[in-house]
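I have placed the structure first, in the form of structure tokens, so that the comments after it can refer back to it.
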Amino acid sequence: MSYSNHKLLKSRLPGGFRDFLPDEFAQRQWMLDTAVKVYQSFGFKPLQTSSVEYFETLAGGDETSKQIYRVFNQEPDLSVESLALRFDLTVSLARMMAANRNLFTLPFKRYQIGEVWRGERQQRGRFRQFLQFDADIVGTEHPSADAEILLLMYTTMQALGVENFIIKLNNRKILNGLALKLGMNPDEINTFLRILDKLEKIGWEEVKKLLKGDDTGLTDEVQDKLSLSAESINTVEELINLPPDNSERLDEIFHLIQDVEIGREGVGEIEIIFALLDETGVPEDRISLDLSLARGLDYYTGPVFETILTDLPSLGGVMSGGRYDDLVERFSKESLPATGVSLGVDRLLVGLQELGLLKAEQSASDFLIVGLGEEMRGIAFKVAHELRRRNIKTEVFLGDKMGMKQQLKYADKSGIKYAVIIGSDEWAKQTASVKNMKNGEQIEIPISKLEEFYLKIRD
RNA sequence: GUGAGUGUAGCUCAGUUGGCAGAGCACCAGGUUGUGGCCCUGGUGGCCGUGGGUUCAAGUCCCAUCACUCACCCCA
């Protein structure tokens, strides 16, 4: 080794980026496998888009473009157009659909697994690189597509073994209708939505202050303030304090905003969604109409969804999405309505870990062929190769010393179930001493019977 | 970008009013030359995040800086 004099680098990783060691990776993989099965059962088709896009393709609203990671060459001057890493899978999907729309039968349903990047400060359950698992339906305005996405969300959470979750549902059209009714201009609407979204976190009294324009005593300079009339605030309050039952809520909302067309439309869509979900027997309390749900991404136009773990609400949404009917218009003159959802795999993984809902995934091998002594190394290779050809997970020891101690220790620490010990004695008899690493029991059997032995102990 | 907290062995962390750099776990060797875990004995491993200052003396006090973590914003 010629590295003895070099200065040691710290083995550090930038915040928000992570390594996955085998055990955790296996858990994450299990989540993906589980979700893939659900998505496929709905008929969603797999698809992948590029991780790198032109910056202008991704840059939409103010807030998101600040978080976009830029990609540079070694000589930035040479790259004429600026490139960036995608911050979600949805914008790329819209771009791709616009470019290839005649290749797809509409409505088109696709799923996609992919890493995305956002330049944010790391927090619990929040990373700078994380895995999203999306399902989207492109090419239909019908609320049945939104209902299907909600059903997919519910089914996925169930399949992942999550008991305590709520899917919040709202409709941007209802909120827009409300804003119109209250006489807000378009600039104020986004502020209104952001304030409303804080309801669960800071409570109605604080929200009221923000709507009124009072000082809140909240630490930061909270820039979101409106100056609504007392009457308007009363209307908002009525909409916030609705009965628990979804259909009663809808009725009340309808009464309050029936004179605004877009609001009526929004209520109608939610009615259709609930009617369809009702047919499936999804419990009513799982999918809850929540008018305070706004969601930030500026491309949502209709129904929006967010899944919360009720035992861990502070983690934020783990599977969220909504309808974005205008997004494809950024790339094409023809509009292409769409709706979809994104499973935050890494965030949900953190949540399930904290709640202790993940079982240890086993990736350990069945056999370690223990050849005793250097002269038995080749024998071990030979025996292992035969077993692997029969689909038995088999390892040989690859360390320096072929001693009993080293090899049993390796088997133990790696969780290997059986040590198949072959010393010169055994080899002469064409047998192996098979040791159960869990209870220490050991029996001697012919090498030719190893497969039979494996089949017997497999379950 | 804003606020708070934390940086000491590979990991988790102790370290008192400033006075020899510590523990547990992990790793290596031995107790056991054909038997892992448990136990016992010994060992490797550190510029105390970095730079400056105060002091006879700094892991400890002061200043700066960087990094990480949590929270805000926003979001999966």
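Throughout, a chain's letter reflects where its sequence line sits, starting with A, and its residues are numbered from 1. For clarity, every value in this text was computed on a predicted model and none was experimentally measured.
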TODO: Determine the Euclidean distance between corresponding P atoms of B:G24 and B:C61; express it in Å to zero decimal places.
DONE: 26 Å
Task: B:U33 OP1/OP2 closer than 4.0 Å to side-chain N/O of A:Lys405 - done: no
Open item on the list: Is a donor from one side chain sitting under 3.5 angstrom from an acceptor on the other, for A:Tyr69 and A:Gln129?
Closed with: no
Open item on the list: At less than 4.0 Å, is any side-chain N or O atom of A:Arg194 found next to OP1 or OP2 of B:C74? Yes or no.
Closed with: yes
Task: Pair A:Thr301-A:Asp326, side-chain donor/acceptor within less than 3.5 Å - done: no
Open item on the list: Whether A:Gln407 contacts B:G36 is assessed here as follows: a side-chain N or O lying under 4.0 Å from the phosphate OP1 or OP2. Is that the case?
Closed with: no
- [ ] Rounded to the nearest angstrom, tell me the gap between atom NZ in A:Lys401 and atom P in B:C27.
- [x] 15 Å
TODO: Give a yes/no on whether any side-chain N or O of A:Lys409 is located under 4.0 angstrom from OP1 or OP2 of B:U35.
DONE: no
Task: Any A:Gln123 side-chain nitrogen or oxygen under 4.0 Å from OP1 or OP2 of B:C72 - done: yes
Open item on the list: Rounded to whole Å, how long is the line connecting atom CZ of A:Arg295 with atom C1' of B:C74?
Closed with: 11 Å
Task: N-O pairing of A:Asp346 and A:Arg28 below 4.0 Å - done: yes
Open item on the list: Could you check whether the side chain of A:Arg121 and the base of B:U69 have a donor-acceptor pair of N or O atoms closer than 3.5 Å, going by distance alone?
Closed with: no
Open item on the list: Tell me if the side-chain of A:Glu426 makes a donor-acceptor pair with the base of B:G34, cut-off 3.5 Å, by modelled atom types.
Closed with: yes
Task: 5'-most by nearest nucleotide on RNA chain B - A:Leu13 or A:Val318 - done: A:Leu13
Task: side-chain N/O A:Lys201 vs B:C74 OP1/OP2, d < 4.0 Å - done: no
Open item on the list: Expected output check: what is the dot-bracket annotation of RNA chain B, where ( ) and [ ] are pairs inside the strand (brackets for crossing ones), | is paired with another strand, and pairs are Watson-Crick or G-U under 3.5 Å?
Closed with: (((((((..((((.....[..)))).(((((.......))))).....(((((..]....))))))))))))....
Task: A:Lys435 side chain near B:G37 phosphate (N/O to OP1/OP2, under 4.0 Å) - done: no
Open item on the list: Looking at A:Arg323 and A:Glu141, is there a salt bridge between them, counting it only when a charged N and a carboxylate O are closer than 4.0 Å?
Closed with: no
